[in-house]
Each structure stands twice: as structure tokens, then as C-alpha cells.
Novice: 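Before I ask anything, here is the structure I am working with.
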Amino acid sequence: MSEDDQQRQRTYTWADPAPTSAANRDMHGLDFLRGLIDGSIPHHPTSRTLGFTVTDAGEGFAEVTLEPQEFHANAVGSIHGGVLATLFDTAMGFSVSSTLEPGVGYTTLDLQVRYLRPVQAGKGVIRVQGFCEHTGRRTATARGEARDEQGRLVATGSTTCMILR
């Protein structure tokens, strides 16, 4: 076996997701996001698995960042589109969440991502920003942008979420 063929290993930890889910359900969405940012609320297991974090939030806005790693790669060597789709789902969903009162939830109805250029490991942080465009009684819509460390647009996204009252 050559040196390049040697197996790699990754170890990570996560917190019990129940308190995070309860906080998401019981708090105003923006307060929940601020708790993720300041560390008073632990990130959910998906973010630990992929290695992304919520780094900014405001009313109708959320940002998640990821430093792409080798373990995010697909068969052609770029970052797998599903990893970026997860970042979009999170950023846009959290942008919707930031507009919701305690006790009101949401779930994704549809998700569309348009990939514009490949993302490579070792090339810096990817920022995905979600912008809530409309929150109604039953549905909400959001759009998103992913940019590389040089500010280049690498993908765009859109979503519709069902509001759970």
C-alpha cells in the first residue's frame, strides 16, 4: 500500500441533541441562533459531523461557515454537492427561524441549489448566507449565497419552508 492509499481517521464529539432541539422549539428563533453563536447552546450533531458552525445572525438572516476538508470530497475531488446543500438548508432554514416566535417551528418543503464553481479542500472558508424573503402563516421562503474566501460566488440556493404552529 502506498503512502497515499493509507486510511485516514477522523474523530469528533457531539452533545445530546435534545436540549438543542428544545431550545430551538422554546426560544425566539433569533435568540436561539445567538445562543449557537455564543456557545450557550450546543450545535446540533449534523454541524459537528460536517464541521460547520453558525457564525452570524440577524432578523431574517443567518450565516454558516465551513472550512472544506479532504473528508468532504466527492469522487472527482471537489467538495460533495450534498455538503453544500446541507449548508444551504441550514443557513436558509435558520434565516426563517430567526423570524419566528417561541413555539413556532419550521421544516423544509423544498430546496434548490445551483452550483456555479467547484469548491476545493484547503482553499479557505466557505460562507453560506441565508436571507428570509417572506414569512407567512403557513409557509416561508428564503434564498442563499455561498462564497469562497475571495468573495467569489460558488453557489446559490432557494427554499420554501412550512411553518409549524
Novice: Kindly give the heavy-atom pair with the smallest separation between A62 and L33, and that separation in Å.
Specialist: CB-CD1, 4.3 Å
Novice: Main chain of P17, side chain of S21: is a donor-acceptor contact present, judged purely on distance under 3.5 Å?
Specialist: yes
Novice: State whether the side chain of T65 and the backbone N or O of R127 hold a donor-acceptor pair below 3.5 Å, judged by distance alone.
Specialist: no
Novice: Within a radius of less than 6.0 Å around CZ of R137, do more than 12 heavy atoms belonging to other residues, nucleotides or ligands occur?
Specialist: no
Novice: Can you name the residues that form a salt bridge (charged side-chain N to carboxylate O under 4.0 Å, His left out) with R25, not counting sequence neighbours?
Specialist: none
Novice: Scan T55, T90, T53 and name whichever one has a side chain to side chain donor-acceptor pair (under 3.5 Å) with E63.
Specialist: T55
Novice: Going by distance alone, is a donor N or O of one side chain under 3.5 Å from an acceptor N or O of the other, for R114 and Q112?
Specialist: yes
Novice: Mind running side-chain contact (heavy atoms from CB on, under 4.5 Å) on I126 and R147 for me, showing each step along the way?
Specialist: CA-CA 6 Å; I126 296 295; R147 295 189 180 272; over 6 Å; no
Novice: Minimum heavy-atom separation for Q129 and A91, please, with both atom names.
Specialist: C-CB, 4.2 Å
Novice: Under a 3.5 Å cutoff, is there a donor and acceptor pairing between the side chains of N74 and S78?
Specialist: yes
Novice: Determine, for Y12 and R10, whether the Lys NZ or Arg CZ falls below 6.0 Å from the six-membered ring centre while staying within 45 degrees of the axis.
Specialist: yes
Novice: Decide if atom NE2 of H80 counts as having more than 12 heavy atoms of other residues, nucleotides or ligands within a radius under 6.0 Å.
Specialist: no
Novice: Same cluster or not: L30 versus F61, using hydrophobic residues (I, L, V, M, F, W, Y) connected whenever any side-chain heavy atoms lie under 4.5 Å apart?
Specialist: no
Novice: Does NZ or CZ of R143 lie under 6.0 Å from the centre of the six-membered ring of F131, at an angle within 45° of the ring axis?
Specialist: yes
Novice: Identify the two heavy atoms, one from E145 and one from L153, that lie closest to each other, and give their separation to 0.1 Å.
Specialist: CB-CD1, 3.9 Å
